[in-house]
Structures are given as structure tokens and as C-alpha cells.
Amino acid sequence: MSKKFDGKADFAEWKKSWALEERYNFKKIEKKWQEIWEDEKAYKVEIDKNKEKFYALVEFPYPSGAGLHVGHPRSYTALDVIARKKRMQGFNVLYPMGFDAFGLPAENYAIKTGVHPAISTKANIETFTRQLKSLGFSFDWDRCITTCDPEYYKWTQWMFIKFFEKGLAYKDKIAINWCPSCKVGLANEEVVNGHCERCGAEVVRRDKEQWMIAITKYADRLIEDLADLDFIDRVKTQQINWIGRSEGAELDFAFGDDKLTVFTTRPDTAFGVTYMVLAPEHEFVQKYMSRFENPDEVKAYVEATAKKSDLQRTMDDSKTGVELKGMKAKNPFTGTEIPVFISDYVLTGYGTGAIMAVPAHDQRDYDFAKVFKLPIVQVLEGGDISEKAWEEDGAHINSGFLNGMNKEQGMKAAIDYAVKNGFGRAKVNFKLRDWVFSRQRYWGEPIPMVYCEHCGWQPIPESELPLTLPPVPDYHPNDEGESPLSKAGDWLNATCPKCGGKARRETDTMPNWAGSSWYFLRYCDPHNDKEFASKETLDYWMNVDWYNGGMEHTTLHLLYSRFWHKFLYDCGLVPTKEPYNKRTSHGMILAENGEKMSKSRGNVINPDDIVNAYGADTFRLYEMFIGPFDQAAMWSDESLMGVYRFVGKVYTLFAKVVSDLKPDEADLRAMHKCILEVTERIDQMKFNTAVSSLMTYVNYLSSKPQIAAELYRTLILLMAPFTPHLAEEMWARLGYDTLVVKEKWPQGDAKLAEDTNVTYAVQICGKVRGTIELPKNALREDVEQAALQVPNVRRQLEGKEVRKIIVVPNKIVNIVA
RNA sequence: GCGGAUGUGGUGAAAUUGGUAGACACGCCAGAUUUAGGUUCUGGUGCCGCAAGGUAUGGGAGUUCGAGUCUCCCCAUCCGCACCA
């Protein structure tokens, strides 16, 4: 801020001193103001109880080797615009940034090159930081956090121990996709048609011990508490569907001397049960194998199923199965004996892994019954069960005491009956499964647990946190598919904190969703080495007021972090039961041809190139103008040029600014209209139309021979959130020695924005035949008369009788003839 | 199959409670200035038509003085979940 307009000198002279640089030199301008912001710590924020706080958050990136993608700035700019505007409106704004730095790419890079993930990650973070800074975001960089920093993951580990202490973290055997050739567990995405993506070997399912976190205990609350949150609807419905709550009943069927329990959402159809089906993995299959008459057949089917991946199993919806011959179940409602099958259409992970089959009223059961020629008994009126199952409501028939009832009455009566007779109970089930929390990987948070022969799994004492990642000889998973940490030598040996005996450390690490589950809390108090964040900072900053991120995280990060936060709330560690008040989502940025940008397609656009060629302001503004924020948008170099021209126009417009000119009525109308529109549209994330309001205003200004300073000043204030560098520059040229980012947001006046005259469209039977210009709020009679005088209207009305005239004040006249 | 979204000029897209469809841009056309190079400025631009006029928001019905907007049916594209009992 070298220059200052003292108000005494002639403004025209003052302006001339700037005119040496006539072309819009964004490189110089942007560098200059970025340095000034940094020197002045313009975006540093501290608790200020005199101000209302506003916490804006964007999803922190994984610092990949590819650098920043043009998709990142779409979200970051959007919330930067919102944060900057809120700041100008007097809020104390926290807008932080950090890095979600644990992850597979760094590890794969290490396997290939031997470079330690910490080193490559650090380099990538430096690149990202440079790129983010070049775009002029108003992040408080003093609060930057990195999840792979031991000072950070210390608390991730600490929280894991809390989960363990509360009984929510537990070790369990679950089935995973296993490649017997690579000897490694695969993610579902790595299994192609039942074969290993890498070596082509057939993938089998294998039980493996994994750390689990009991997110299902929070299933109900994760649904219920959505009601009060300002999340976009598709996020809410997606989470609700994912959690998949269904109400129904558990019913016990006699099976030999044992009890076979099923879950059903339709206990009222129990009189229509003609057989039962177990998942091939159901414990009864092994337990009673010796009593089946066809054990070989059963075993063969179980084995065949085990070979299939989940993917294969769901791809093929033809019905197969084997009857468990020699044992029958008994329907507790009717007393009838019914056959029992195993079939892979029944899943082991949902409900009890067994079903009662009602082929008349469930299409899957119907298909199975057709294949195995089983009886189909209709118990609800409606449909044509010779064609397909009837799954709608209807009066009960063939159903004993339920006859005549509809679905709702029948459900209640059936459950009551089952409860009274001790063979059933109401039950709610969820599709949501507990969270598999271990990964056989190196580059993640070590799980702070040790195993003692005598005491079992024990958390390490808090004083030993952080448990840092040890060096390992190489980063490959070993033959048993264990984490590279299993090769960490001495590191593995620990003492049991309970008995002091020998213990061995857990070698699996946490998934990369761990660190991101609570990072927004750390931003409140990033340097605290006593707590993950102090109560005072959490009380002041939480909740996040506005969180923007990708739809792809709806049922992952967003759900996990809501759960994690609720758990901390239950522990009394955070002040609120939900972390985010508002959640919005941005669309993707696609290549010019509508394809995804990807390295393999070679259509990736590097933000650095755009910033170098057109400047950060143009880039930011273009990403806001590109299209509706929540929808996918195609990159277009030509449209970018349009925005570049606009920015240049704002710059050159300064030459027309005259300091002692008073704006006239029309000027004020245009100005206030623009203020009102931009203000409202930013709040609604309608950035594309906010920008078009600015363009309309600029078109108005550039049509004038001279521009009153007030008009230009307002333009600069309105543009400051979008193009902060240009705004600072022009603000200085207007003679101010303050930072525009700290200025007050202009106040729009709806009265002044109003037009004095309005144009009516004159319609005959709904078709526009002309227009009339009248003063605002003209009398109805005058409007009618004026409309009838329009020459074209008179001609059209010749020989017709006017039956009715509808006048919509200040809008339209419709003559019905 | 279920769930969610989308469908408007040559292109990206706008459009309070139903009230002049196409704002704002891109592209294109014409002209001016300039002309060492993605310049700037002015005007035009949904489609058919010389015009008057007609016609137009995926298709079809309906409600209404009036429908991109509301109701019903259908079609297409994209995304998510996918045998969840």
C-alpha cells in the first residue's frame, strides 16, 4: 500500500499516476496483494466474543502427486466467496484448510520407488499449499493441519481408545475378498468378475479378524437428528437409504429341537409361509450337518457359494439352492411342517441370515418357489398370483385370526400374538453395518492397541501417545495379508499395560476416514498439546455453520464424522450433538467434451496454467460463472475468455471514474439492484447468476461517459469476494488505504432499486400483442384503457367482443375476446 | 428393480407466488477502429417467413384468461444402491 489519496489533491491527477500501467497486469497485481495479505495476516482469526462467529468449511484435500485439480477450487472458491462476504458483513469468520494426508497413493509410490510416504507427502503438501495460495483463498493458514502429523494423529488414536473403552471398538472375524495367489485382501473395487484385478486368480471369501466400530448403535440417531439439519435433501435421503431402517418382527420357528429365528417386515403374512431359507453361512448348516440326509449336496453348495464374491452373488439373480433334507421347520402360527433350504439369495449379514418365505407376496420367494415347485399360498387379496407375487396391501385371507384385516392391522395383531405366545417380538433392522476399521497398510494411523496372552486386547497408556509409525524394511503387505508393520521388528514388542507381561502390537492401521472424522474440531484449536481442542474454543466455534463437499462422501466421510461426533458428544467431549449445521454439495468439473478429467484421457487442466495465463481472479470468477453450482459443468476455454474480458473491463472502467459526480436516479437503481441481487444470490449459492448481475451492472456503467465514484466503489465491494486481488487493487486506486477485505458489505435499498415505470405486456387470449409503459401502480382503469389503445391490439380486436380483461398489477394485461 | 437428478437456441445457461421464455455469457454474422498476432467498439442473432404473422422449453393429455413452472401418463440421459426379507 504504497500510495494513499489524501483527499486534497485533484482526483483526476491522482488517477493519472496509475495510468502508466494501462493494461490489466494480473500477475503483478495478484502477487502484490497476496504478499500484503500474508504480511498483514489479513485472514488470521481468533476468538472475539463481541462478534458473531461464522465457521465455513470445505473438505480438505488428499495431497496427491498430481497436484491441485480444477475441481478443488470450485468448492473452495464458493465458500471463500461466502466467507469473504460474511467477513464484510461483520462476522468473525473461521475458514480453515488442511490436508488429509494418509492414503494409498503415497504408499504405492513408496512400494515403487522406496521413497518414504512422509517425504513424498510433504512434497505434495508444499505443492498444494503453493497452488492454493496462488488462488488467493482467505484461509487462516496458521490453522493448517495435516492428519499424518503425529501431533494430530495422537488425538485420532486417543479417540480410538475412547471407542474401545466404551465398548464400541471391537475385534471380529468378518468375510473379506481374498486373493489366494497374491495372498492379500482386496477391496470390492479390486475384484473383477470374481477374479483378482492384478493376477487374475479367482477370489474367495475369507474370514479375517478386523477392528470394527459399532456405528450401528447410532443408526437411529443418525436418521432422527437429520430432521433438524439444513442439509440438501439428496444428502438426507441418501443417508437415510444407506442406513436402511426397517421395522418388522423376529419370529422363532421350531427346527428340530432348536429355534430358527427369522426377521421379517411382514409378520402378517406368516400364514402364507410355505418354506424357509437359510444363508449358506448360517450356523445351523454346520451345526446340523450330520442330521441332513444329503450332506454332500449341502456341502457342495456351501463351498460353491463361498467361492463367489459379493459382486458375483448379486449379479446373478437366478434362484439356486439345496433343501436340507431330513429336517423340517414348524410354522408357529399354523403348526404346519415346512421344508428348509439354503440359498445364496439370503444374505448372512442382514437380519438373522434366515427368512420365512412367503412366495405369494414376495417376488424373490415367488421366483424360488417356481424353480423348486413349492406351494404358493395367497393370504392377501389382490393381484394375480399365477403371474407374479402380490406385494401390495389387501384384506387377509386364509390367515386364521388375521382374516379380514388390512396390512397395518394384521402386522400389529400378528406381532401381539407372537409376543403373547412367546415366539416373536417387534424388531427394527438396519442395512448399515458396523464400520470395518482396520487396513493392512503402512501409511495410516497405527492402532494404539496391544495384545496380551493373559489380558487380551489392551489400549496403550495415554502417556505413550502418539504411537508413531516405525520405519519398515519395505511397504509390501506380507504373505498373510498383514500390514507392512508386521515387519517392524522391535516395535512390535510391548508390555501389557494391565499385567506388565509381554504383549504384541496391533499391526493393522486405521482407514483414511479416521483422521477426517474429527478434523473440523482441531481447526478450532490446532496447536493445543493438552487436548484435541479446548472447551472454550469448541464452545465458541462449533458448530460448523456451512460445510460444502462432494456427494461421493455422503455415505462415507459425512456419515462417519457425524457418528464420530455424536460419540464424542456422548463422552462429554464436544458441546453439540451434530457437527454441521448446513451441508451443500458442488458438481464436478468435466472436460470440454463432457468426459471426466483423468490422466489416462490426457484431458486434465492444470490450475497453474490457468492462473499463469489469465490470473487467479479470472479463474475464480470463471468457476463461479461456469454453471449451477450443484451440477456438473463442462470446462470451456472460450467461456473462460469471456470472463477474462469482463475482468479486464472492470479494470479499464476505472478510467471513467469521476470523484465529484453524483449518481442519478437510474444509477442508483442499477446499483441497488445489483447489491440486492448479488447479496441474495451468494447466500443461495447461485453464483452463476450473481456474476451475471455484476456483468449487467458493468454493462450499464460502461455505457456511461463518466462514472460516479460511488457506483464504481460499490462494484468493487461486490466483486471483492469473487476477485479479491483486483478488488484490492482498484480499492487502492480509488484512494483508500484500507484492505477491501475488511470493508463493510454494501447495503441494498429495495426502494431505490425499484423502477418508477413498468412495462406491461398486453396479451389477447394469452398471446402478446404489444407492450405499454405506465407509471408503477397505475389505476386498473388506466391500464385497461391504455392497453386497448395499442394499435396492434385494436387491429386484432376488430370484429371481436371483449369479454373480460385481466390485469395483473405492474405485469400484464390479458384481454379475453 | 429401488432411490435421486436432469431434459429450454448453434453452446453454457436465466426465468419471485403460474404472468412478455431465452437474462448473462460463448459462438456466429455485419460494420467501425486498429492491424503483428487469442484486440477494442457498435449493431444483429430461437426457428419458419420478404412481411403480416406463425411457431417454440423431451413427447402426450389436463387444469387455467394465461403453463418452462401445477396434475396425470409416457420417453430419453446421467448418477447412486442393488436379492436388505
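Just so we're on the same page: letters track the sequence lines, and every chain starts at 1. Below, all heavy atoms of this structure are taken into account, side chains as well, without hydrogens, waters or symmetry copies.
With both ends at atom P, the span from B/U69 to B/G18 equals 12 Å, rounded to whole Å. Comparing B/A56 with B/C48, their P atoms sit 15 Å apart, to the nearest whole Å. The P atoms of B/U42 and B/C24 are separated by 13 Å, rounded to the nearest whole Å. One P atom belongs to B/G22, the other to B/U57, and the distance between them is 14 Å to the nearest Å. As rounded to the nearest Å, B/A76 and B/A21 have P atoms that lie 31 Å from one another. Distance check on atom C1': B/A67 versus B/G60 gives 15 Å, rounded to whole Å. For the P atom pair drawn from B/A52 and B/G68, the interatomic distance equals 23 Å after rounding to whole Å. Comparing B/U63 with B/C2, their C1' atoms sit 31 Å apart, to the nearest whole Å.
The separation between A/His361 atom NE2 and B/C83 atom P is 23 Å, rounded to whole Å. Going from atom CD of A/Gln684 over to atom C1' of B/U16 covers 10 Å, rounded to whole Å. Between the C1' atom of B/U17 and the CD1 atom of A/Ile812 lies a distance of 15 Å, rounded to the nearest Å. Rounding to whole angstrom units, CD1 of residue A/Ile355 and P of B/C83 are separated by 13 Å. A/Lys767 places its NZ atom 7 Å from the P atom of B/A56, with the value rounded to the nearest Å. Between A/Phe687 atom CZ and B/A14 atom C1' there is a gap of 17 Å when expressed in whole angstrom units. To the nearest angstrom, P of B/C24 lies 18 Å from CZ of A/Phe722. Distance A/Asp344 CG to B/A82 P: 16 Å, rounded to the nearest Å.
Positionally, the nearest nucleotide of RNA chain B for A/Ala761 lies more toward the 5' end than for the other of A/Ala761 and A/Ser693. Nearer the 5' end of RNA chain B, as judged by each residue's closest nucleotide, is the contact made by A/Ala633, out of A/Thr759 and A/Ala633.
If you check every strand for non-hydrogen atoms under 4.0 Å, A/Thr696 touches sugar and phosphate atoms only. Using a 4.0 Å heavy-atom criterion, one finds that A/Tyr760 contacts no nucleic acid atom at all. Within 4.0 Å of A/Asn429, counting heavy atoms only, lies no atom of the nucleic acid at all. Within 4.0 Å of A/Asn699, counting heavy atoms only, lie sugar-phosphate atoms of the nucleic acid but no base atom. As judged by a 4.0 angstrom heavy-atom cut-off over every strand, A/Val346 is placed among the base-contacting residues. Here A/Arg769 lies in heavy-atom contact (under 4.0 Å) with sugar-phosphate atoms only. As judged by a 4.0 angstrom heavy-atom cut-off over every strand, A/Gly642 is placed among residues touching the sugar-phosphate backbone only. Residue-level contact check: A/Glu592 touches neither bases nor backbone, having no heavy atom under 4.0 Å from any strand. Among the protein residues, A/Ile626 comes within range of the sugar-phosphate backbone only, with heavy atoms under 4.0 Å from sugar or phosphate atoms but none that close to a base.
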Output one line per pair: protein atom, nucleotide atom from nucleotides 58-65 of chain B, and distance, for all N/O pairs under 3.5 Å.
from  : atom 1 : to       : atom 2 : distance (Å)
B/C65 : O2'    : A/Asn814 : ND2    : 3.2
B/C65 : O2     : A/Asn814 : ND2    : 2.5

Using atom names, set out every protein N or O paired with an N or O of nucleotides 1-11 of chain B below 3.5 Å, distance rounded to 0.1 Å.
from : atom 1 : to       : atom 2 : distance (Å)
B/G3 : O2'    : A/Asn241 : ND2    : 3.1

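With a 6.0 Å radius and a threshold of 12 heavy atoms from other residues, nucleotides or ligands, A/Asn593 has its CG atom above the threshold.
An OP1 or OP2 oxygen of B/A85 is reached within less than 4.0 angstrom by no side-chain nitrogen or oxygen of A/Lys431. For B/G53, the OP1/OP2 oxygens have a side-chain nitrogen or oxygen of A/Arg795 closer than 4.0 Å. Residue A/Asn792 places at least one side-chain N or O closer than 4.0 Å to OP1 or OP2 of B/G53.
Comparing B/A14, B/U17, B/C24 by their nearest atom to the side chain of A/Thr689 picks out B/A14. Residue A/Lys319 places its side chain closer to B/C83 than to any other of B/C83, B/A85, B/G12.
For A/Lys649, there are no salt bridge (Lys or Arg N to Asp or Glu O under 4.0 Å) partners, not counting sequence neighbours. Residues that satisfy the salt bridge (Lys or Arg N to Asp or Glu O under 4.0 Å) test with A/Lys412, not counting sequence neighbours, are A/Asp416. Partners of A/Asp367 by side-chain contact (heavy atoms from CB on, under 4.5 Å), not counting sequence neighbours, listed by chain and number: A/Lys319, A/Gln363. The salt bridge (Lys or Arg N to Asp or Glu O under 4.0 Å) search around A/Asp393 returns none, not counting sequence neighbours. Under the rule for a side-chain contact (heavy atoms from CB on, under 4.5 Å), the partners of A/Leu752 that lie at least two apart in sequence or sit in another chain are A/His672, A/Asp749. Taking the ring-ring contact (aromatic ring centres under 6.0 Å, His included) definition, one finds that A/Tyr700 meets it with nothing, sequence neighbours left out. Annotation: side-chain contact (heavy atoms from CB on, under 4.5 Å) contacts of A/Glu638 (sequence neighbours excluded): A/Ser636. Partners of A/Asp365 according to the salt bridge (Lys or Arg N to Asp or Glu O under 4.0 Å) rule, which considers only residues two or more places apart in sequence or in another chain, do not exist here.
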Protein-to-nucleotide contact annotation, 5' to 3' order, nucleotides 34-50 of chain B [B base; S sugar-phosphate only; - none; under 4.0 Å, heavy atom]: ----B-S----------
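A salt bridge is defined here as a Lys NZ or Arg NE, NH1 or NH2 lying under 4.0 Å from an Asp or Glu carboxylate O, and A/Arg780 with A/Glu784 meets this definition. With salt bridges taken as basic N to acidic carboxylate O contacts below 4.0 Å, one links A/Arg601 and A/Glu595. A salt bridge between A/Asp630 and A/Lys686 is absent, with no side-chain N of the basic residue lying under 4.0 Å from a carboxylate O of the acidic one.
A donor-acceptor contact shorter than 3.5 Å is absent between the side chain of A/Thr265 and the backbone of A/Glu247. No donor-acceptor pair under 3.5 Å is formed between the side chain of A/Arg245 and the backbone N or O of A/Ile243. At least one donor-acceptor pair under 3.5 Å links the side chain of A/Arg669 to the backbone N or O of A/Glu754. Remark: side-chain polar atoms of A/Glu623 are paired, donor with acceptor, to backbone N or O of A/Arg74 under 3.5 angstrom.
Between A/Asp344 and A/Tyr301, the shortest heavy-atom contact is N-OH, 3.0 Å.
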Secondary-structure string, 5' to 3', Watson-Crick or G-U under 3.5 Å, | for another-strand partners, for RNA chain B: (((((((..(((......[....)))((((((.......))))))(((....)))..(((((..]....))))))))))))....
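Regarding the sugar-base torsion, B/G46 falls in the anti class, its angle being beyond 90° of 0.
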